[in-house]
Amino acid sequence: MKVVVLGAGIIGVTTAWYLSRKGFDVTVIDRQPGCGMETSKANAGQISYGYSAPWAAPGIPIKATKWLTQKHSPLAISPSMNSEQWLWIAKMLGECTKSRYKCNKSRMLRLANYSKFALAELKAETGIEYEGRQKGLLQIFRSEKQIVAAEKDIAALTDAGTVFSMLSRDECIRQEPALAPVAEKLTGGLYLPDDETGDCHLFTTRLADYCEKLGVRFCFNEEVTDILCRNGKFDSVQTRSSNYKANFCVVAMGSYSRGMVKSLGLELPTYPVKGYSLTVELENPDAAPLSTVMDETNKVALTRFDSRLRVAGTAELSGYDLSLKERRRETISRVIRDLFPDAGNVKNAEFWCGLRPMTPDGTAIIGLTPVPGLFMNTGHGTLGWTMACGSGKLLADLVSGKKPEIESSDLSLSRYTTSSE
């Protein structure tokens, strides 16, 4: 049985791996010259099982209003005449209730925890190396108000069986010694010991090598122009130069998935939320974090690789604009200068941006579509690296007709087209 996977980012490649392991004849198509060249290229690097949570939360509408008046805000909106932006914002705000937050976070944690075990199995099987670290994630709080606000997350973590610890200021320093010089800026923290870090792009390219050994074919520099159907069912994928006929198709094109399936009458409720990152070469490793430090105030993550520090943040709603804006660079630069000023020379950092495919409720869209033979694996937002292995394994089960190991009915596109939930 043949499967065509559209997209060679972290989601597409993990999907190809698990499909191939089930015996499918897999072809991956991507417009780039290699794997992981877009949103998977330079993301935050955190594999945040316990930190998986929807952006749509109680209090966000008020916070967002305040953020938009700040110079260095974690949120930026470039108003557009395109109705898609405003419809997405309206849907996202509709998810900002206590009941919706609890529902959305619980299923995100379900998928994240499943992905944790899937990644562990994959590493044990392949021995893949990607500058990974298993030292947890520390979310730092700068006020008592933030600690109180974290209680809603703690309840969800407890329900999901996620291991965590609330830390005092001194305990935060013991966990991340490089924070000692700025101890007075901290009030406390939430430590998630099972969270990991790693270079997503490196993982993607190396897993692609393992895929090729299993027989997966990668077709690069191929731009998909259409998904063709016959008698109401998926038939083939058309690119500018070739036609790829298969039994099944998996759309894993991140933010571009929405436009790809629109001609089939499918409306994906996703929007490209732009994020930025800096990659700093470490000059003083002892002055850098040991793992990931998440600054709750600025919504910026600082993740340690072997000899680099990845600093990532900002949610910018500006459509498919990929221009690098110096103002955003300064927003995330000031966080590393504030917390780890001696780690490396920020002026020489590599500046990058990518488009994160966000759903209004924060949960990815995984599963069969109303078009027989056509599946989706997209909409992971900021958590594509975190949920990649679990999503790929789950999708492979669904394509093969096997009952998934976790509940998946509320992860498909159908949750936006039915009122059963």
Side-chain angles (χ1 to χ4, degrees), residues 10 42-55 57 74 105 108-117 119-120 123 130-142 146-147 149-158 160-169 171-179 182 185-200 203 275 277 288-306 308-313 332 335-336 338-340 343 356 362 380-390:
I10 181 65
N43 62 20
Q46 60 191 96
I47 308 174
S48 305
Y49 308 117
Y51 196 71
S52 297
W55 286 9
K105 185 174 177 67
M108 291 176 73
L109 285 171
R110 182 204 317 151
L111 181 58
N113 287 332
Y114 181 57
S115 196
K116 175 176 65 177
F117 293 112
L119 176 57
K123 288 191 293 185
Y130 50 94
E131 296 191 27
R133 290 174 173 238
Q134 289 74 46
K135 296 180 180 293
L137 177 147
L138 176 64
Q139 181 184 12
I140 58 170
F141 304 124
R142 298 178 186 245
Q146 289 177 341
I147 294 177
E151 291 179 357
K152 65 180 185 298
D153 288 328
I154 291 173
L157 292 173
T158 301
T162 302
V163 180
F164 67 90
S165 300
M166 289 297 294
L167 305 185
S168 66
R169 174 189 296 168
E171 289 171 328
C172 288
I173 302 304
R174 284 197 288 271
Q175 187 60 45
E176 286 287 358
L179 287 171
V182 296
K185 298 178 182 180
L186 310 180
T187 302
L190 172 65
Y191 179 57
L192 299 157
D194 290 340
D195 284 12
E196 307 176 32
T197 63
D199 188 324
C200 180
F203 179 92
S277 77
L290 298 175
S291 188
T292 291
V293 171
M294 183 71 196
D295 182 359
E296 175 61 18
T297 299
N298 296 289
K299 305 295 184 183
V300 169
L302 305 99
T303 297
R304 172 75 173 269
F305 295 153
D306 288 354
R308 298 167 295 150
L309 183 62
R310 178 71 50 72
V311 190
I332 55 179
V335 177
I336 184 174
D338 185 48
L339 295 176
F340 303 103
R356 300 167 294 199
H380 296 77
T382 59
L383 296 167
W385 186 193
T386 297
M387 298 182 174
C389 290

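Along the sequence shown, residues are numbered consecutively beginning with 1. What's counted below: heavy atoms across the whole structure, side chains too, no hydrogens, waters or symmetry copies. Since the model is a prediction, treat every value here as computed from it, not as a measurement.
Every side chain to side chain donor-acceptor pair (under 3.5 Å) that Arg308 has, sequence neighbours left out, goes to Glu131, Asp199. Taking Lys299 as the reference, Glu296 meet the side chain to side chain donor-acceptor pair (under 3.5 Å) condition, with sequence neighbours excluded.
What you find for Ala150 and Phe141 is that their closest heavy atoms are CB-CZ, 3.7 Å. Shortest non-hydrogen contact noted between Gly45 and Phe305 is CA-CZ, 4.0 Å. The minimum heavy-atom distance linking Ala288 with Ala178 is given by the pair O-CB, 3.4 Å. Residue Val182 comes nearest to Asp338 through the heavy atom pair CG1-O, 3.3 Å, listed as atom of the first residue, atom of the second, then distance. Thr386 and Ala112 make their closest contact through CG2-CB, 4.3 Å (heavy atoms, listed as atom of the first residue, atom of the second, distance). Of all heavy-atom pairs spanning Leu339 and Arg142, the tightest one is CD2-NH2, 3.5 Å.
Rounding to the nearest 0.5 Å gives a distance of 10.5 Å between CE of Met387 and CZ of Arg110.
Under the 30°/60° scheme for interplanar angles, the aromatic rings of Tyr130 and Trp385 are found to stand perpendicular.
Taking 4.5 Å as the limit, some side-chain heavy atom of Leu138 sits within range of a side-chain heavy atom of Leu167. Using a 4.5 Å cut-off on side-chain heavy atoms (C-beta onward), Tyr51 and Leu190 make no contact.
Remark: Asp195 does not engage Lys135 in a salt bridge, criterion side-chain N to carboxylate O under 4.0 Å.
Although no hydrogens or angles enter the test, the distance criterion places a donor-acceptor pair under 3.5 Å between the side chain of Arg133 and the main chain of Leu290. Within the 3.5 Å criterion, the main-chain N or O of Asn43 finds a donor-acceptor partner in the side chain of Arg310. A donor-acceptor contact shorter than 3.5 Å is absent between the side chain of Thr162 and the backbone of Gly50. One N or O on the side chain of Ser115 and one on the backbone of Gly390 form a donor-acceptor pair closer than 3.5 Å.
Residue Ile336 forms a side-chain contact (heavy atoms from CB on, under 4.5 Å) with just one option from Asp295, Leu309, Val293, and that option is Leu309. With respect to Ser291, the side-chain contact (heavy atoms from CB on, under 4.5 Å) criterion is satisfied by exactly one of Gln175, Glu176, Gln134: Glu176.
For the residue pair Thr292/Thr197, the side-chain donor-acceptor check at 3.5 Å is not satisfied. Under 3.5 Å, the side chains of Thr297 and Gln146 contain a donor-acceptor pair of N or O atoms.
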Review point. Please walk me through it: do Gln139 and Leu192 pass side-chain contact (heavy atoms from CB on, under 4.5 Å)?
Key: CA-CA 8 Å; Gln139 181 184 12; Leu192 299 157; 5.7 Å; no

